[in-house]
Peer 1: 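Okay, here's the structure, questions in a sec.
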Amino acid sequence: QVQLVESGGGLVQAGGSLRLSCAASGSIFSIAAMGWYRQAPGEMRKVVAFITSGGSTSYADSVKGRFTISRDNAKNTVYLQMNSLKAEDTAVYYCNAGIRTDYYHPEYDYWGQGTQVTVSS
């Protein structure tokens, strides 16, 4: 059984910063890409950023230059440093990871429970 547990959300004023963390635990053989998605009320879930096992990163245009994704492979943890936050960044943020639980099974997508980020203008 694999779990992704997010932390670090909250309420912040526009221009402020937050750092999200997501730790994977359980029966983990390997983790491929890890990423962050967000979903605002009435909208579809959208990718924010992702990072490969080798450290290559990709960002949505709306967060480039403000958000930084990183990972600690020894801790099976991915981070999202969010700076210069805007009201439009308000959403529930979800962690995602492609995880293999053993050598014989393929990679499967796992999701965290979500953490609320609210930016007041």
Side-chain angles (χ1 to χ4, degrees):
Q1 187 132 0
V2 173
Q3 277 190 314
L4 298 183
V5 178
E6 298 128 336
S7 60
L11 174 63
V12 64
Q13 288 189 334
S17 299
L18 282 174
R19 188 191 194 210
L20 305 183
S21 300
C22 172
S25 63
S27 179
I28 297 172
F29 175 73
S30 64
I31 303 178
M34 303 182 82
W36 290 94
Y37 291 68
R38 67 186 181 187
Q39 187 168 18
E43 297 185 10
M44 294 183 64
R45 191 174 298 187
K46 301 175 184 176
V47 63
V48 174
F50 67 84
I51 182 168
T52 68
S53 57
S56 297
T57 59
S58 182
Y59 297 91
D61 287 344
S62 58
V63 307
K64 280 181 182 176
R66 300 188 297 122
F67 291 10
T68 302
I69 189 170
S70 61
R71 64 191 283 173
D72 184 332
N73 290 330
K75 296 182 179 179
N76 291 335
T77 299
V78 63
Y79 305 95
L80 186 68
Q81 178 65 44
M82 305 185 293
N83 298 328
S84 302
L85 282 161
K86 306 175 181 179
E88 50 264 43
D89 295 318
T90 295
V92 177
Y93 284 70
Y94 296 91
C95 170
N96 170 267
I99 296 175
R100 292 178 68 184
T101 55
D102 58 51
Y103 178 81
Y104 301 100
H105 289 82
E107 179 183 311
Y108 183 80
D109 255 1
Y110 289 87
W111 292 89
Q113 80 285 356
T115 185
Q116 177 71 45
V117 171
T118 303
V119 183
S120 62
S121 56

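For reference, positions follow the sequence shown, starting with 1.
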Peer 1: Looking only at heavy atoms, what is the nearest atom pair of Ala40 and Ala91, with distance?
Peer 2: N-CB, 3.9 Å
Peer 1: Got a sec, which residues hit ring-ring contact (aromatic ring centres under 6.0 Å, His included) with Tyr108, two or more places apart in sequence or on another chain?
Peer 2: Tyr110
Peer 1: Do Val92 and Val48 sit in one hydrophobic cluster, given that two such residues count as connected whenever their side-chain heavy atoms are within less than 4.5 Å of each other, even indirectly?
Peer 2: no
Peer 1: Quick one: side-chain hydrogen bond (donor to acceptor under 3.5 Å, both in side chains) partners of Ser84, sequence neighbours excluded?
Peer 2: none
Peer 1: Is there a chain of hydrophobic side chains (I, L, V, M, F, W, Y, each step under 4.5 Å between heavy atoms) that links Leu85 to Leu20?
Peer 2: yes
Peer 1: Are more than 12 heavy atoms from other residues, nucleotides or ligands located less than 6.0 Å from atom CD of Gln3?
Peer 2: no
Peer 1: What pair of heavy atoms forms the shortest contact from Met34 to Thr77, and how long is it?
Peer 2: CE-C, 4.4 Å
Peer 1: Taking side-chain contact (heavy atoms from CB on, under 4.5 Å) as the test, write out the residues that go with Ala24, two or more places apart.
Peer 2: Leu4, Ile28, Ile31, Asn76, Ile99
Peer 1: Working to the nearest 0.5 Å, report the span between OG of Ser21 and CD of Gln81.
Peer 2: 9.5 Å
Peer 1: Give me each pair satisfying disulfide (SG to SG under 2.5 Å) with a member in residues 37-94, each pair once, sequence neighbours excluded.
Peer 2: none
Peer 1: According to the ring pair (Phe, Tyr, Trp, His ring centres under 6.0 Å) rule, which pairs have a member within residues 38-75, sequence neighbours left out?
Peer 2: none
Peer 1: Filter on salt bridge (Lys or Arg N to Asp or Glu O under 4.0 Å), then keep only pairs touching residues 70-81, sequence neighbours left out; what's left?
Peer 2: none
Peer 1: Looking at every non-hydrogen atom in both residues, tell me the closest pair between Asn73 and Ser53 and how far apart they are.
Peer 2: ND2-O, 3.7 Å
Peer 1: Can you name the residues that form a salt bridge (charged side-chain N to carboxylate O under 4.0 Å, His left out) with Asp61, not counting sequence neighbours?
Peer 2: Lys64
Peer 1: Not counting sequence neighbours, which residues clear side-chain hydrogen bond (donor to acceptor under 3.5 Å, both in side chains) with Ser17? List them please.
Peer 2: Asn83
Peer 1: Going by disulfide (SG to SG under 2.5 Å), name the pairs with one or both residues in residues 69-121, residues two or more places apart or in two chains.
Peer 2: Cys22-Cys95
Peer 1: If hydrophobic clusters are built from ILVMFWY residues whose side chains come within less than 4.5 Å, do Leu18 and Val78 share one?
Peer 2: yes
Peer 1: Which residues satisfy the salt bridge (charged side-chain N to carboxylate O under 4.0 Å, His left out) test with Arg19, sequence neighbours excluded?
Peer 2: none
Peer 1: Going by the side-chain hydrogen bond (donor to acceptor under 3.5 Å, both in side chains) test, which pairs reach into residues 85-96, not counting sequence neighbours?
Peer 2: Arg38-Asp89, Arg38-Tyr93, Arg66-Asp89
Peer 1: Quick one: does Glu6's side chain get under 4.5 Å of Trp36's, heavy atoms only?
Peer 2: yes
Peer 1: Tell me every residue that passes ring-ring contact (aromatic ring centres under 6.0 Å, His included) with Tyr37, counting only those two or more places apart in sequence or in another chain.
Peer 2: Trp111
